[in-house]
Amino acid sequence: MAHIRTYRTPVKMGNWFEEQRLKEDEVKEHLEKKERGELAGQKMDFLKENILKPVKFSVTNDGTLHFGDIVMLVNMGGGNRECSAVSINADVNSLTKIPLPGVQAPCAVSAVRSVQPCTRTAFVITSVDGSPEGSTLHFEQSFALKTTSGFARGLYLTSDLRSFQKCAKKSRLQEVSLEDSDSFLSWWKIVYFDPQERLEYEGLPVPANVKVLIVHCKTNQALAVLGDHVLWTMYGKEYELTAHTFLDSHKAEQDNNHWILCTILGQKSVTHDHQLLSVFY
């Protein structure tokens with residue numbers, strides 16, 4: 001008699017009522033999150049819509065950099081690296097809605113290979129010594145680099161001595177990140193790239209759109225991009241950023257440490273070492 005069906009097909013067995021209520025609660029919770037824009041796909045679309053929004057960078061009339069300029073930090077590449085720019089490496093977990101939607105600190109940074117002028121790659125040259133906005137930036141003068149206000153929240157590019165708990169994920173070198181506090185850890189200075197002529201340029205105005213070094217004031221390590229340490233982010237394949245001075249056999253900084261602070265507007269070009277960087281605004 002074991003093969004005889006005891007119950008008909010429509011009969012519900014087990015904890016069917018509890019399971020039905022759980023499914024209804026899941027559907028209700030999903031619809032509520034969708035209405036509030038809290039689904040993972042909605043968060044990702046919202047993040048990309050805001051962080052990839054185009055930004056117009058500053059125009060330099062005298063060919064030099066000034067406090068308050070909005071610039072893009074570009075490395076022309078070399079070896080196993082393509083041309084890349086310092087960028088905000090924010091994901092959906094970096095978002096906050098208090099008091100307004102935006103990126104929250106601490107936030108990671110990386111070097112994006114698609115060099116496009118947007119909120120993600122825009123940084124403001126900020127005074128830390130009381131220099132008025134609009135005044136010229138000089139070699140060896142301390143300054144800060146912060147993201148634009150609004151969605152990017154004006155976070156400061158910061159670094160500190162590496163430790164077992166705080167270091168770059170891939171290379172384990174000195175970490176670079178974005179913080180919301182302005183401190184000595186966020187102070188940088190521009191150094192002329194050629195060590196043989198460095199003393200002659202000390203104290204002179206920093207020209208825009210030329211190759212320079214960006215050195216961290218506290219640790220004296222230069223900002224660097226690492227082509228052999230790749231980060232897979234929601235934006236694609238990118239390079240790791242760190243503060244570390246790479247020297248060649250002649251005690252000169254390698255191209256990992258060479259940066260161009262772009263301030264051009266419109267369709268312009270920055271040419272260096274027979275390489276061409278085209279920036280479209």
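Along the sequence shown, the residues carry numbers beginning at 1.
The main-chain N or O of Leu247 is found under 3.5 Å from a side-chain atom of Gln254 such that the two form a donor-acceptor pair. At distances below 3.5 Å, not a single donor-acceptor pair connects side-chain atoms of Ser127 with backbone N or O atoms of Phe67. In this structure a side-chain-to-backbone donor-acceptor pair under 3.5 Å is missing from Arg120 to Leu52. Listed for the Thr60 side chain is a donor-acceptor partner under 3.5 Å among the backbone atoms of Thr64. Counting only distance, with no hydrogens or angles, the side chain of Ser181 and the backbone of Ser183 share no donor-acceptor pair below 3.5 Å. Asp255 contributes no side-chain N or O that, together with a main-chain N or O of His258, makes up a donor-acceptor pair within less than 3.5 Å. Listed for the Asn257 side chain is no donor-acceptor partner under 3.5 Å among the backbone atoms of Ile214. In this structure, the side chain of Ser186 does not engage the main chain of Phe184 through any donor-acceptor pair within 3.5 Å.
Of the residues listed (His229, Arg162, Glu240), the one engaging Ser171 in a side-chain hydrogen bond (donor to acceptor under 3.5 Å, both in side chains) is Glu240, and it is the only one. Of the candidates Lys218, Gln174, Lys166, Asp160 forms a side-chain hydrogen bond (donor to acceptor under 3.5 Å, both in side chains) with just one, namely Lys218.
With no hydrogens or angles considered, no side-chain donor-acceptor pair links Ser87 and Asn89 at under 3.5 Å. Using modelled atom types, one finds a donor on one side chain and an acceptor on the other under 3.5 Å when comparing Ser131 with Gln141.
The cationic atom of Lys211 (NZ for Lys, CZ for Arg) lies less than 6.0 Å from the six-membered ring centre of Phe193 and within 45° of the ring axis. Both the sub-6.0 Å distance and the 45° axial angle are not jointly satisfied by Arg81 relative to the ring of Tyr239.
Between atom CG of residue Leu157 and atom NE2 of residue His216 there is a gap of 8.0 Å, rounded to the nearest 0.5 Å. Rounding to the nearest 0.5 Å places CD1 of Ile260 at 8.5 Å from CG of Asn75. Note: Asp69 CG to Leu137 CG = 9.0 Å, rounded to the nearest 0.5 Å.
The aromatic rings of Tyr201 and Phe139 stand perpendicular to each other, their planes meeting at an angle above 60°, with 30° marking the opposite boundary.
Across every non-hydrogen atom of Asp129 and Ser142, the tightest pair is OD2-O, 4.3 Å. Heavy-atom minimum distance, Cys83 versus Val115: SG-CG2, 3.8 Å. Shortest non-hydrogen contact noted between Ala85 and Met72 is CB-CG, 4.0 Å. Across every non-hydrogen atom of Asn209 and Cys262, the tightest pair is OD1-CA, 3.1 Å. For the pair Thr242 and Leu173, the tightest heavy-atom approach, listed with the atom from each and the gap, is OG1-CB, 3.3 Å.
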Let me see the working for Val55 and Lys53 under side-chain contact (heavy atoms from CB on, under 4.5 Å), right down to the final yes or no.
-> CA-CA 7 Å; Val55 172; Lys53 189 174 296 183; 5.9 Å; no
Step by step, work out the side-chain hydrogen bond (donor to acceptor under 3.5 Å, both in side chains) result for Glu179 and Thr158.
-> CA-CA 6 Å; Glu179 301 286 348; Thr158 305; 5.9 Å; no
Trace of the side-chain contact (heavy atoms from CB on, under 4.5 Å) decision for Leu47 with Leu95 | CA-CA 8 Å; Leu47 174 61; Leu95 287 176; 3.7 Å; yes
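Tyr156 places none of its side-chain heavy atoms less than 4.5 Å from the side chain of Val128. Put simply, the side chain of Tyr192 does not reach to within 4.5 Å of the side chain of Leu213, judged on heavy atoms.
Counting heavy-atom neighbours within 6.0 Å of Gln196 CD, excluding the residue itself, gives a total of 12 or less.
Residues satisfying the side-chain hydrogen bond (donor to acceptor under 3.5 Å, both in side chains) criterion with Arg198, sequence neighbours excluded, are Glu253.
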